[in-house]
**Q** 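So that we are looking at the same thing, I have put the structure below in structure tokens.
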Amino acid sequence: MNLINYEEVQFPGLGLKFDIDPVAFRIGNFEVYWYGILIAAALVICIGLALKQAKKNNFPDSLIYDTMLVTIPCAIIGARAYYVIFNWNIYKDNLKSIFDTRAGGLAVYGGIILTIVGLLLMCKIRKIPFTSLADYCIVYLPLGQAIGRWGNFFNQEAFGTTTTMPWGMWSKSVQIYISRFCPELVALSPVHPTFLYESIADLIIFIILLQVRKRSTHAFVTTSMYFVLYGAVRFFIEGLRTDSLYIGTTGIRASQALSLLLLLFGLVYIAFAHTRNFEKKPFPAKLYIDDSKNSKSEDSDEEESEADVKEEKKDSKKSDKDEEPEEGSEGGEESEEKTEGSDEDSEEESDEKSDEESEDDSEDEEKDKESKDKKAKD
């Protein structure tokens with residue numbers, strides 16, 4: 001619960017102080033919170049990594065977008081519904097407040113549960129193996145959680161009980177919350193920064209799942225490993241938190257009970273998957289054909305654009321050539337004059353040659369006459 005807009009957060013044992021504001025920026029009266037920005041950043045990073053690593057893992061690109069369209073609304077609705085169900089006394093008299101998510105109240109497990117249901121329905125309708133889809137996408141869930149948990153830091157929420165550890169955290173919001181809802185604790189003492197614990201643990205889980213997905217040949221093992229690892233981490237951290245949701249009046253923490261169930265389910269399934277050799281099912285060939293068509297269309301568009309550029313270059317060269325005679329028109333006239341002069345010279349030479357030939361012919365005729373006269377005299 002965010003009680004103060006702007007405050008100083010201290011880590012006394014480490015000598016660190018931070019001035020934080022849960023609101024990143026304001027547009028008029030509209031406030032944009034760091035929590036929302038971090039969740040959006042987590043989505044973008046996870047989707048980007050999933051697309052980048054799809055070909056390496058033989059996963060259809062188009063299926064990532066379909067999964068995203070199902071996951072985002074299911075995660076938001078499920079997270080809110082889970083929180084409202086376990087806090088029904090707060091919302092039963094004011095139903096409109098159920099839709100006011102800006103006031104806080106999202107539960108990770110609720111988002112995970114409804115997302116699994118939504119993806120199961122999508123896979124059944126499209127005849128896609130759910131286990132293969134889950135094993136690829138589940139890897140990015142702890143990464144998104146690791147980023148999103150820092151929203152709890154900016155809101156100064158989801159912290160633990162008081163501690164004497166050097167990394168204990170204190171702020172005015174923490175003090176007010178402890179004094180109001182946890183009177184058995186010393187409000188002035190630092191508390192466990194459980195958001196930080198889970199963020200670090202989620203990053204480690206993300207790295208482990210990358211290796212499990214790379215090496216595992218059995219269906220649903222990567223997903224089950226997430227249940228085991230996150231279930232163990234959340235079971236421990238949930239025991240430290242001061243804002244846990246309880247199952248009725250039993251005193252049992254809902255998230256702790258669910259973590260234990262997921263942990264046991266994951267262990268049992270992994271054992272069965274190896275003993276009974278549950279193999280991964282391939283995706284329909286149609287998904288890969290659609291991806292190849294899309295890539296080919298993109299390549300053809302690039303080729304067309306390159307061809308257009310080449311044609312433009314050719315057209316520009318032709319226009320340059322057409323302009324060259326105009327620039328050298330004087331030179332062209334000079335060349336025409338030179339050709340005309342050369343034609344006149346050749347005509348004069350031919351006339352002179354013809355005159356010389358005619359003179360030679362007349363001389364020959366005179367010589368013939370003289371020879372004839374001499375013969376007659378003889």
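Being a predicted model, the structure only gives us computed values, none of them experimental.
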**Q** Just by distance, with hydrogens left out, do Glu7 and Ser173 show a side-chain donor and acceptor under 3.5 Å apart?
**A**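 Note: Glu7 and Ser173 side chains meet the donor-acceptor criterion.
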**Q** According to a 4.5 Å side-chain heavy-atom criterion applied to Ile, Leu, Val, Met, Phe, Trp and Tyr, with indirect links allowed, do Leu209 and Ile207 form part of one hydrophobic cluster?
**A**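 Hydrophobic grouping puts Leu209 with Ile207.
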**Q** Please tell me if the side chains of Asp135 and Val221 come closer than 4.5 Å, counting only heavy atoms from C-beta onward.
**A**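 No, their side chains stay 4.5 Å or more apart.
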**Q** Is the closest side-chain heavy-atom distance between Ser255 and Arg234 below 4.5 Å?
**A**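 Sidechains of Arg234 and Ser255: in contact.
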**Q** Are Met68 and Ile72 side-chain neighbours, meaning at least one heavy-atom pair lies under 4.5 Å?
**A**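 Yes, at least one pair of side-chain atoms sits under 4.5 Å.
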**Q** Quick one: do Leu203 and Val44 end up in the same hydrophobic cluster if we chain Ile, Leu, Val, Met, Phe, Trp and Tyr together by side-chain heavy atoms under 4.5 Å apart?
**A**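 Different clusters: Leu203 never reaches Val44 through Ile, Leu, Val, Met, Phe, Trp or Tyr contacts under 4.5 Å.
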**Q** Can you check whether Asp100's main-chain N or O pairs, donor with acceptor, with Ser97's side chain at less than 3.5 Å?
**A**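 Between the backbone of Asp100 and the side chain of Ser97 there is no qualifying donor-acceptor contact (under 3.5 Å).
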**Q** Are Ile77 and Ile113 connected, step by step, through hydrophobic side chains (Ile, Leu, Val, Met, Phe, Trp, Tyr) whose heavy atoms are closer than 4.5 Å?
**A**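 Ile77 does not cluster with Ile113.
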**Q** Within the distance-only criterion (no hydrogens, no angle test), does the side chain of Ser132 pair as donor or acceptor with the backbone N or O of Lys281 below 3.5 angstrom?
**A**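 Side chain of Ser132 to backbone of Lys281: a pair is present.
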**Q** Indicate whether the side chain of Ser244 and that of Arg253 have a donor and an acceptor atom separated by less than 3.5 Å.
**A**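 Arg253 and Ser244 do have a side-chain donor-acceptor pair below 3.5 Å.
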**Q** Run the side-chain contact (heavy atoms from CB on, under 4.5 Å) test on Gln156 and Lys172 for me, step by step, so that the C-alpha distance in whole Å, both residues' side-chain angles and the decisive distance to 0.1 Å come before the verdict.
**A** CA-CA 9 Å; Gln156 281 296 282; Lys172 193 67 177 176; over 6 Å; no
**Q** To the closest 0.5 Å, what do you measure between CG (Leu51) and CZ (Phe59)?
**A**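 The distance works out to 10.0 Å.
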**Q** Using 0.5 Å steps for rounding, measure from the CH2 atom of Trp34 to the CG atom of Asp21.
**A**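 So the gap between those two atoms works out to 9.5 Å.
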**Q** Please check this pair: side chain of Tyr226 against backbone of Ile205, looking for a donor-acceptor N/O pair closer than 3.5 Å.
**A**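 Answer holds: no.
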**Q** Check the hydrophobic clustering (I, L, V, M, F, W, Y; side-chain heavy atoms under 4.5 Å; chains of links allowed) and say if Leu114 and Leu106 are grouped together.
**A**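 No, separate clusters.
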**Q** Centroid separation under 6.0 Å, is that true for the rings of Phe11 and Trp167?
**A**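 Ring centres of Phe11 and Trp167 not closer than 6.0 Å.
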**Q** With side chains defined as the heavy atoms from C-beta onward, is the minimum distance between Tyr33 and Phe154 less than 4.5 Å?
**A**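 With C-beta onward as the side chain, the pair stays apart.
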**Q** Looking at Tyr177, Phe153, Trp170, which hits ring-ring contact (aromatic ring centres under 6.0 Å, His included) with Phe159?
**A**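 Exactly one pass, corresponding to Tyr177.
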**Q** Can a donor-acceptor pair be found, under 3.5 Å and without considering hydrogens, that links the side chain of Arg80 to the backbone of Ile98?
**A**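 Confirmed, Arg80 side chain pairs with Ile98 backbone.
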**Q** Just so I know, are the side chains of Leu240 and Ile237 near enough to count as touching, which here means a heavy-atom distance under 4.5 Å?
**A**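 Counting from C-beta outward, Leu240 and Ile237 never come under 4.5 Å.
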**Q** Check for a donor-acceptor pair, side chain of Glu198 on one end and backbone N or O of Phe195 on the other, with a separation under 3.5 Å.
**A**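 Pair absent, no side-chain N/O of Glu198 close to backbone of Phe195.
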**Q** If the plane angle is over 60° it's perpendicular, under 30° parallel, otherwise tilted; pick one for Tyr230 and Tyr109.
**A**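 If you compare the ring of Tyr230 with that of Tyr109, the planes turn out perpendicular.
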**Q** Rounded to the nearest 0.5 Å, what's the gap from CZ on Arg241 to CG on Asn152? Could you check?
**A**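 CG of Asn152 is found 6.5 Å from CZ of Arg241.
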**Q** Can Thr223 and Thr131 be said to form a side-chain contact (heavy atoms from CB on, under 4.5 Å), step by step?
**A** CA-CA 8 Å; Thr223 304; Thr131 54; over 6 Å; no
**Q** Give me the atom names and distance for the closest heavy-atom approach of Thr222 to Ser216.
**A**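 Heavy atoms of Thr222 and Ser216 come nearest at OG1-CB, 4.3 Å.
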**Q** List in chain and number order the residues that pass side chain to side chain contact (heavy atoms under 4.5 Å, CB included) with Phe99, two or more places apart in sequence or in another chain; answer none if no residue qualifies.
**A**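 Applying side chain to side chain contact (heavy atoms under 4.5 Å, CB included) to Phe99 gives none.
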**Q** Hey, are the side chains of Met169 and Leu196 touching, using non-hydrogen atoms and a 4.5 Å cut-off?
**A**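 A side-chain contact is absent here, since even the closest heavy-atom pair is not under 4.5 Å.
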**Q** Hydrophobic clusters here meaning ILVMFWY residues chained together by side-chain heavy-atom distances under 4.5 Å, can you tell me if Leu188 and Ile176 are in one?
**A**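 No: no chain of side-chain contacts under 4.5 Å links Leu188 to Ile176.
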**Q** I'd like to know whether Phe206 forms a side-chain contact (heavy atoms from CB on, under 4.5 Å) with Val139, so could you lay out the CA-CA distance, the side-chain angles of the two residues, the decisive distance to 0.1 Å, and finally the verdict.
**A** CA-CA 6 Å; Phe206 168 66; Val139 172; 3.9 Å; yes
**Q** Do Leu287 and Arg126 come within less than 4.5 Å of each other through their side chains, counting heavy atoms only?
**A**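 Of all side-chain heavy-atom pairs linking Arg126 with Leu287, at least one is under 4.5 Å.
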**Q** As an exercise, state the distance from CD of Gln10 to CG of Asp19, rounded to the nearest 0.5 Å.
**A**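 Answer rounded to 0.5 Å: 10.0 Å.
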**Q** Measure up the Tyr140 and Tyr136 rings against each other and bin them: parallel (under 30°), tilted (30 to 60°), perpendicular (over 60°).
**A**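 Plane angle over 60°, so perpendicular.
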**Q** Using every non-hydrogen atom in the two residues, find where Ala146 and Ser199 come nearest and quote the distance to one decimal.
**A**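 Nearest heavy atoms, Ala146 then Ser199: O-OG, 2.9 Å.
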**Q** Does Glu8 have more than 12 heavy atoms from other residues, nucleotides or ligands lying within 6.0 Å of its CD?
**A**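 Above 12, so yes.
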**Q** With ring-ring contact (aromatic ring centres under 6.0 Å, His included) as the criterion, how do Phe236 and Tyr197 come out once you've worked through the C-alpha distance, each side chain's angles and the decisive distance to 0.1 Å?
**A** CA-CA 10 Å; Phe236 169 73; Tyr197 298 167; 7.4 Å; no
**Q** Do Phe278 and Phe220 make the cut of ring centroids closer than 6.0 angstrom?
**A**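 No; Phe220 has its ring centre 6.0 Å or more from that of Phe278.
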**Q** I need the Leu229 CG to Ser224 OG distance, nearest 0.5 Å.
**A**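 One finds 11.0 Å between CG of Leu229 and OG of Ser224.
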**Q** Quick one: closest heavy-atom pair of Leu95 and Lys92, and the distance?
**A**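 Heavy-atom minimum between the residues: CD2-O, 4.0 Å.
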**Q** Among all residues two or more places apart in sequence or in another chain, which pass the side chain to side chain contact (heavy atoms under 4.5 Å, CB included) test with Ile116?
**A**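 Partners of Ile116 by the side chain to side chain contact (heavy atoms under 4.5 Å, CB included) criterion, ordered by chain and then number, come out as Ile112, Leu120, Phe130, Phe227.
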**Q** Taking the side chain as everything from C-beta on, heavy atoms only, tell me whether Lys280 gets closer than 4.5 Å to Thr217.
**A**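 The answer is no, as the side chains (C-beta and beyond) never meet within the 4.5 Å cut-off.
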**Q** Taking atom SG of Cys46 and atom CD of Gln145, what is their separation to the nearest 0.5 Å?
**A**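 Reported value, rounded in 0.5 Å steps: 9.5 Å.
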**Q** List the steps and the verdict of side-chain contact (heavy atoms from CB on, under 4.5 Å) for Thr163 and Val191.
**A** CA-CA 5 Å; Thr163 180; Val191 297; 5.6 Å; no
